[in-house]
Amino acid sequence: MRSYAPAAGTALLAALCTVSFPLVAQSTTPSMFTVPAWAFPLVNPSGPVPPPDSVELVRIPNSTRAFTRKQVGNGFDSVDWFPEQHPRMPAPVQYGVRPDGRACALCHLPDGQGRPENGTLAGLPVEYIVRQMRAFRDETRVSAAPGSPTGSMHRVAKGFTNDDDIRLAAQYYSRLRLTRRNVIREVRDVPKTTIAGMLYAYNGDGTEPIAGRLIEVPETLERHELKDPWVPYITYVPVGSVARGRTLATRGPAGAATACATCHGPTLLGVGEVPAIAGRSPTNMLRQLINFRTRARHDSTAAPMYAVSDVLSLNDMVALAAYIGSLPPSAPSRRAARR
Ligand code: HEC
Ligand code: HEC
């Protein structure tokens, strides 16, 4: 657990040259905010992982392909379970750039659906992706929780030394549509979990009170580990979160200027260079709200979010993450057109 009291006046709304936002007054010094350790499951309590098997072939539902676990973990030639479901990957996405620029598809998957600990890239604006790569590279975007998977993104961003490779990857992912349907469950008691790598997994040992947390779990850990882009992720939140999140999102936590639609568009699917937030991993969105609040994200375009993040309590953030996670991840017509 760590506490932060970010410095006031760090907002530089004028730094936004390419996108214009309604000018929202920067709130006064944000009050102390304690980063909740439960929002960043980091350690694998089961200890060192054995080297991946390079003999036995593994499969996932609905794919005709088979790979070894060693192939699944290969950072320089990503496995692709459903090549027919997306355009051909450009080389940086599939093969990466040795020695440190591991392939984007290893973590964000070939179709950009991503995973809770790294996030979805499908459909994000090209310029936004390029800018975030730069922010990871110069570490103006870090994580509120030391030791989080953000460190791996720093290494990758530094490993991609050629800006053309980054642009190719950004253009590729930007063209894709997010199709993930999150399952949001409002509960008093949550199934007990264990930390598996960088996320929670069911441990089959009954339930415990949700106690204000947001717990996102893959339906099966095996499909998550094999990088199945279709494994459902179930997010447990306290009862009433979605409705509370909707109210906050529409009214704006600090009035109309901070209503999410003002900048993220009427369906929260993004506008111009402002990223979509609808239908994305609630864990990931919650972490970003915390990252803005603690100034872990302080790249040149982060400032408009401070007026939002600084007036949110942790409960508000959980409610907003649950609400935006419950929304359709792309416009129906575009989704239908892709099928
Ligand atoms: C080893 C795993 C890994 C690889 C490989 C990887 N990323 Fe990431 N990426 C992450 C993690 C983890 C995060 C989440 C960081 C955070 O939220 O703090 C992330 C976040 C991002 C984000 C921020 C998304 C957002 O919504 O703001 C972008 C953009 C991104 N990655 C682009 C890329 C691109 C492009 C590549 C290939 C050139 C790539 N990543 C390769 C792990 C990876
Ligand atoms: C004044 C404009 C503005 C408003 C209002 C606003 N946002 Fe944002 N938001 C942004 C911008 C700009 C970014 C991208 C920041 C960057 O480039 O670093 C962003 C990014 C985000 C992200 C991170 C997305 C990612 O891909 O990592 C989340 C989560 C988010 N906003 C949630 C919200 C929520 C929830 C609301 C409403 C309660 C909201 N925003 C209202 C401008 C705004």
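For ligands, and for the atoms within them, numbers begin at 1 and follow the listed sequence.
- The contact set between ligand 1 and M133, taken as ligand atoms under 4.0 Å from a residue heavy atom, comprises 32 (C), 33 (C), 34 (C), 35 (C), 38 (C).
- For S330 and R177, the side-chain atoms include no donor-acceptor pair closer than 3.5 Å.
- Where the criterion is an N or O separation shorter than 3.5 Å, residue side chain and backbone included, E117 fails it with respect to ligand 1.
- Formation of a donor-acceptor pair under 3.5 Å by the R137 side chain with backbone atoms of Q132 is not found in this model.
- Listed by number with element, the atoms of ligand 2 under 4.0 Å from a non-hydrogen atom of T301 are 12 (C), 15 (C), 16 (C), 17 (O), 18 (O).
- Among protein atoms, those of element N, O or S found less than 2.8 Å away from atom 8 (Fe) of ligand 1 are H108 NE2, M153 SD.
- Below 4.0 Å from some heavy atom of A103 lie the following atoms of ligand 1, by number and element: 5 (C).
- Within 6.0 Å of CZ in R251 there are 12 or fewer heavy atoms belonging to other residues, nucleotides or ligands.
- Using a 4.0 Å cut-off to heavy atoms of R141, the atoms of ligand 1 that qualify are 16 (C), 17 (O), 23 (C), 25 (C), 27 (O).
- For Q288, the closest heavy-atom approach to ligand 1 falls below 4.0 Å.
- Side chain to side chain, N291 and Q288 meet the donor-acceptor criterion of an N or O pair below 3.5 Å.
- Residue L124 has at least one heavy-atom neighbour below 4.0 Å for each of these atoms of ligand 1: 26 (O).
- Within ligand 1, counting atoms from 1 as listed, the ones closer than 4.0 Å to a heavy atom of R102 are 1 (C), 5 (C).
- Using a 4.0 Å cut-off between heavy atoms, A259 contacts ligand 2 through its backbone alone, with no side-chain atom that close.
- For ligand 2, the atoms sitting less than 4.0 Å from at least one non-hydrogen atom of C263 are 1 (C), 2 (C), 3 (C), 4 (C), 5 (C), 42 (C), 43 (C), numbered in the order shown with element in parentheses.
- Contacts between R287 and ligand 1 below 4.0 angstrom, taking non-hydrogen atoms only, are absent altogether.
- With values rounded to the nearest 0.5 angstrom, C263 atom SG is found 9.0 Å from M305 atom CE.
- Distances from ligand 1 to the non-hydrogen atoms of R280 include at least one value under 4.0 Å.
- No single ILVMFWY cluster, assembled from side-chain heavy atoms under 4.5 Å apart, contains both F76 and M89.
- Here's the thing with Q132: none of its N/O atoms is less than 3.5 angstrom from an N/O atom of ligand 1.
- Atoms OH and CG, on Y323 and D316 in that order, are 15.0 Å from each other to the nearest 0.5 Å.
- Checking T150, D299, I277 against atom 16 (C) of ligand 1, the nearest heavy atom belongs to T150.
- With ligand atoms numbered from 1 in the order given, ligand 1 contributes 25 (C), 26 (O), 27 (O) to contacts under 4.0 Å with heavy atoms of Y128.
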Would you list the atom pairs, donor with acceptor, under 3.5 Å between side chains in residues 50-57 and any protein atom, with sequence neighbours excluded?
unit_1 : atom_1 : unit_2 : atom_2 : d
D53    : OD2    : V55    : N      : 2.9
D53    : OD2    : E56    : N      : 2.6

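- Around the NZ atom of K192, the shell of radius 6.0 Å holds more than 12 heavy atoms that belong to other residues, nucleotides or ligands.
- Look at H264 and atom 8 (Fe) of ligand 2: an N/O/S atom of the residue is under 2.8 Å from the metal.
- Formation of a donor-acceptor pair under 3.5 Å by the R155 side chain with backbone atoms of G101 is not found in this model.
- Among the atoms of R297, some N or O lies under 3.5 angstrom from an N or O of ligand 2.
- Looking at P275 against ligand 2, only its side chain comes within 4.0 Å, counting heavy atoms.
- Shown in contact with M285 at under 4.0 Å from a heavy atom are these atoms of ligand 2, numbered in order with element: 29 (C).
- For the pair R223 (side chain) and I60 (backbone), a donor-acceptor distance under 3.5 Å is absent.
- Those atoms of ligand 1 with a heavy atom of P149 less than 4.0 angstrom away are 12 (C).
- Of the inter-residue distances, the one linking R293 atom CZ with D310 atom CG reads 5.5 Å to the nearest 0.5 angstrom.
- With values rounded to the nearest 0.5 angstrom, D205 atom CG is found 10.5 Å from T193 atom OG1.
- Counted by atom type alone, T301 and R131 present one or more donor-acceptor pairs between their side chains at under 3.5 Å.
- Using a 4.5 Å heavy-atom cutoff, the side chains of S174 and L124 are not in contact.
- Atoms of ligand 2 lying under 4.0 Å from any heavy atom of A257, numbered from 1 in the order shown and given with element: 5 (C).
- Geometrically, R295 engages Y306 in a cation-pi contact, judged by NZ or CZ lying under 6.0 Å from the ring centre and within 45° of the ring axis.
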